[in-house]
Student: 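Below is the structure I would like to discuss, written out as structure tokens.
In this chain, residues are counted from 1 in sequence order.
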Amino acid sequence: MERSLSTGTMMPEMEVLSSRRNNVFGPVGLLWQQAKAPLIVLFLKIMVIVCLIMSTMLLVERVYMGIVILFVKLLRQKPEKWYKWEPIKEDDLEQGNLSIPLVLVQIPICNEKEVYQLSIGAACGLSWPRDRIIIQVLDDSTDPAIKVLVQQECWRWASKGVNIKYEIRDNKIGYKAGSLREGMKHSYVKLCDYVAIFDADFQPHPNFLRRSIPFLVHNSEIALVQARWKFGKYPDHMTLMSYDTKEQKETKLLFIVLFVRFVEQEVGSATCAFFGFNGTAGVWRISALNEAGGWKDRTTVEDMDLAIRAGLEGWKFVYLGDLQVKSELPSTLKAYRNQQHRWSCGPANLFKKMAMEILINKKVSSWKKIYLIYSFFFVRKIVAHAVTFVFYCVVLPATVLVPEVHVPKWGVVYIPSIITLLNAVGTPRSLHLLVFWVLFENVMAMHRTKATLIGLFEVGRVNEWIVTKKLGDGLKTKLSSKSVTKLSIRFGKRLHFLEFFVGFYLFFCGCYDFAFGRNHFFVYLFLQSIAFFVVGFDYVGTFVL
């Protein structure tokens with residue numbers, strides 16, 4: 001408390017701080033004080049309430065998933081206990097291999113020079129009778145040189161007795177969905193019972209079909225068997241690393257992204273036999289795929305679209321967490337951002353298109369409708385992105401400038417801490433990088449939120465599809481050589497002004513809180529502003545192996 005010079009009375013602490021701010025900022029501070037009470041304070045209070053509600057929704061969802069996963073792990077509830085599973089027998093002397101289902105393996109490729117050999121080689125090495133498998137390479141490459149290389153690779157395997165088909169299409173409508181749709185039109189596909197799909201950077205283990213196909217053969221209600229992605233020696237998380245290659249000379253971004261996606265799929269498989277198809281590393285029953293209407297290109301998440309439609313027809317899905325398929329990683333921050341834009345914009349756009357269809361569907365239970373609309377779409381695909389950016393990068397910093405708006409400690413500390421720990425519990429080896437992950441995810445949440453709005457309102461880049469660039473063996477060679485031995489400071493070719501703007505906003509709020517605040521938010525605000533600046537410069541230091 002301070003004593004007023006004119007009246008000798010004690011001034012409240014809030015008035016003292018206000019007086020100090022006005023003295024510092026002059027007329028601007030007075031104008032801010034006049035506009036703050038009737039407009040900004042009320043608006044911020046409403047936004048805090050909305051964000052706290054969304055945070056609570058996300059917390060409940062994460063706790064629910066954690067309980068389900070704990071139950072599944074403790075009781076060892078593997079899919080083999082829920083469904084019939086027996087190895088495919090090959091000793092029928094009368095029918096020979098005709099008793100074994102004919103499987104189609106599709107590999108969609110588009111200018112993926114670095115990885116096409118890996119996926120084709122792995123598919124041709126699948127342990128399945130050669131007369132009961134067809135490898136279909138769907139080449140959408142626009143580079144003639146790459147098309148020649150892919151075709152020669154197919155010829156090489158064909159000369160070894162592999163039944164491999166090299167297919168191209170005249171039109172490029174529909175991106176990957178269009179390619180897969182055209183691939184299903186060939187006459188030999190009608191002879192197949194199941195179709196396994198692997199993107200150009202996925203390398204299935206030889207026993208993939210022997211592990212997955214029995215679920216489809218012995219359980220007529222199952223439409224899809226989805227395997228887990230594995231990233232080299234990091235099966236539980238994805239690591240983006242800085243490295244130099246012949247193709248990319250500038251230093252790249254390296255962060256850890258925890259794959260809550262796989263937890264969601266395991267929970268969906270265990271509770272209502274439904275989850276979103278990943279678009280790769282899965283096997284479909286072709287009759288179920290056709291019954292659902294086949295591949296559609298109305299959104300950039302054609303895989304999720306197909307899964308929703310098949311789920312609404314009453315088909316069940318199985319997720320095999322212990323069946324892992326090796327994959328490659330996005331090679332640059334730009335590639336990762338494009339991927340995240342597609343994965344955020346597409347689901348929001350699909351939600352807009354299918355919400356009413358889900359509500360009026362009469363083939364599935366009310367519980368499944370609630371799960372699809374509330375959990376699968378609204379909380380996980382919209383709320384999770386929006387609250388992360390809006391609350392922690394916009395509203396919370398703004399409350400520093402407006403101390404009349406109070407954010408309860410449970411909303412700003414306890415809830416985000418619990419959610420973060422629940423997300424990270426499956427990757428204990430990465431706990432030491434948790435702070436960096438949180439800061440990076442908040443930056444990416446800005447792009448995911450923007451993409452979600454684009455999808456909901458169908459504007460701008462709503463149907464943009466950019467193939468995620470991978471490096472294949474080029475990355476392995478570089479990392480195995482361990483030639484990068486010291487930290488180097490370079491800057492990317494692009495400057496991202498949106499990140500700079502948010503970074504300056506957070507930095508200003510941090511300085512303001514340091515000078516006038518009482519909640520010590522400046523510690524977080526300074527760290528988060530640095531994260532935005534780092535991404536704004538398209539820069540990270542080199543990671544030493």
Student: Which is it for R380 and H385 under the side-chain hydrogen bond (donor to acceptor under 3.5 Å, both in side chains) test, yes or no, and what are the steps along the way?
Tutor: CA-CA 8 Å; R380 301 176 188 175; H385 304 326; over 6 Å; no
Student: Can the ring centres of F202 and W229 be said to be less than 6.0 Å apart?
Tutor: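 Ring centres of W229 and F202 closer than 6.0 Å.
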Student: List the atom pairs, donor and acceptor, that lie under 3.5 Å between side-chain atoms in residues 187-197 and the rest of the protein, sequence neighbours left out.
Tutor:
| unit_1 | atom_1 | unit_2 | atom_2 | d |
| --- | --- | --- | --- | --- |
| Y188 | OH | Q136 | NE2 | 2.9 |
| Y188 | OH | E167 | OE2 | 2.8 |
| D193 | OD2 | L102 | N | 3.3 |

Student: Considering only NZ, NE, NH1 and NH2 on the basic side and carboxylate oxygens on the acidic side, decide whether R228 and D322 come within less than 4.0 Å.
Tutor: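 Salt bridge absent between R228 and D322.
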Student: Got more than 12 heavy atoms from elsewhere within 6.0 Å of NZ, K113?
Tutor: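 Open: at most 12 neighbouring heavy atoms sit under 6.0 Å from NZ of K113.
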Student: Identify each donor-acceptor pair in which a side-chain atom of residues 118-125 lies under 3.5 Å from a protein atom, sequence neighbours left out, and give them as a table.
Tutor:
| unit_1 | atom_1 | unit_2 | atom_2 | d |
| --- | --- | --- | --- | --- |
| S119 | OG | Y116 | O | 3.1 |
| S119 | OG | A200 | O | 2.9 |

Student: Consider only side-chain N and O atoms of N111 and T142, and report whether a donor and an acceptor are under 3.5 Å apart.
Tutor: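 Side-chain D/A pair, N111 to T142: present.
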Student: Check whether the side chains of H447 and E499 place a donor and an acceptor atom closer than 3.5 Å, and report yes or no.
Tutor: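 Yes, E499 and H447 have a side-chain donor paired with an acceptor closer than 3.5 Å.
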Student: Any chance the side chains of W315 and E291 put a donor and an acceptor closer than 3.5 Å?
Tutor: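 Distance-only check passes for W315 and E291.
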Student: Mind checking whether Y371 and F376 have parallel, tilted or perpendicular rings, split at 30° and 60°?
Tutor: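 Taking F376 first and then Y371, their aromatic rings sit tilted (interplane angle of 30° to 60°).
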Student: Please tell me whether R342 and T300 have a donor and an acceptor in their side chains that are separated by less than 3.5 angstrom.
Tutor: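 No.
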Student: Before giving the answer on side chain to side chain contact (heavy atoms under 4.5 Å, CB included), spell out for K381 and M304 the whole-Å C-alpha distance, their side-chain angles and the decisive distance to 0.1 Å.
Tutor: CA-CA 12 Å; K381 311 302 181 186; M304 185 182 294; 4.1 Å; yes
Student: Compute whether any side-chain donor of one residue and acceptor of the other, for S327 and D201, lie under 3.5 angstrom apart.
Tutor: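 Per modelled atom types, S327 and D201 side chains form a pair under 3.5 Å.
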Student: For the residue pair F317 and W284, is the inter-centroid distance of their aromatic rings smaller than 6.0 Å?
Tutor: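 Centroid separation for F317 and W284: below 6.0 Å.
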Student: Using only heavy-atom distances, determine whether the side chains of N463 and E458 contain a donor-acceptor pair under 3.5 Å.
Tutor: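 The answer is no; no qualifying pair exists.
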Student: Under a 3.5 Å threshold, yes or no: a donor from one side chain and an acceptor from the other, between R210 and H205?
Tutor: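 There is no such pair between these side chains.
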Student: Kindly say whether the aromatic ring centers of F501 and F532 come within a distance under 6.0 Å.
Tutor: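 Not close enough - the centres of the two rings lie 6.0 Å or further apart.
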Student: Parallel, tilted or perpendicular, judged at 30° and 60°: which one describes the rings of F277 and W295?
Tutor: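 It falls in the tilted class, 30° to 60°.
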Student: Return each pair, listed once, that meets salt bridge (charged side-chain N to carboxylate O under 4.0 Å, His left out) where at least one residue sits in residues 133-153; pairs must be two or more places apart or across chains.
Tutor: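 Matches after skipping sequence neighbours: D140-R169, D140-K172, E153-R156.
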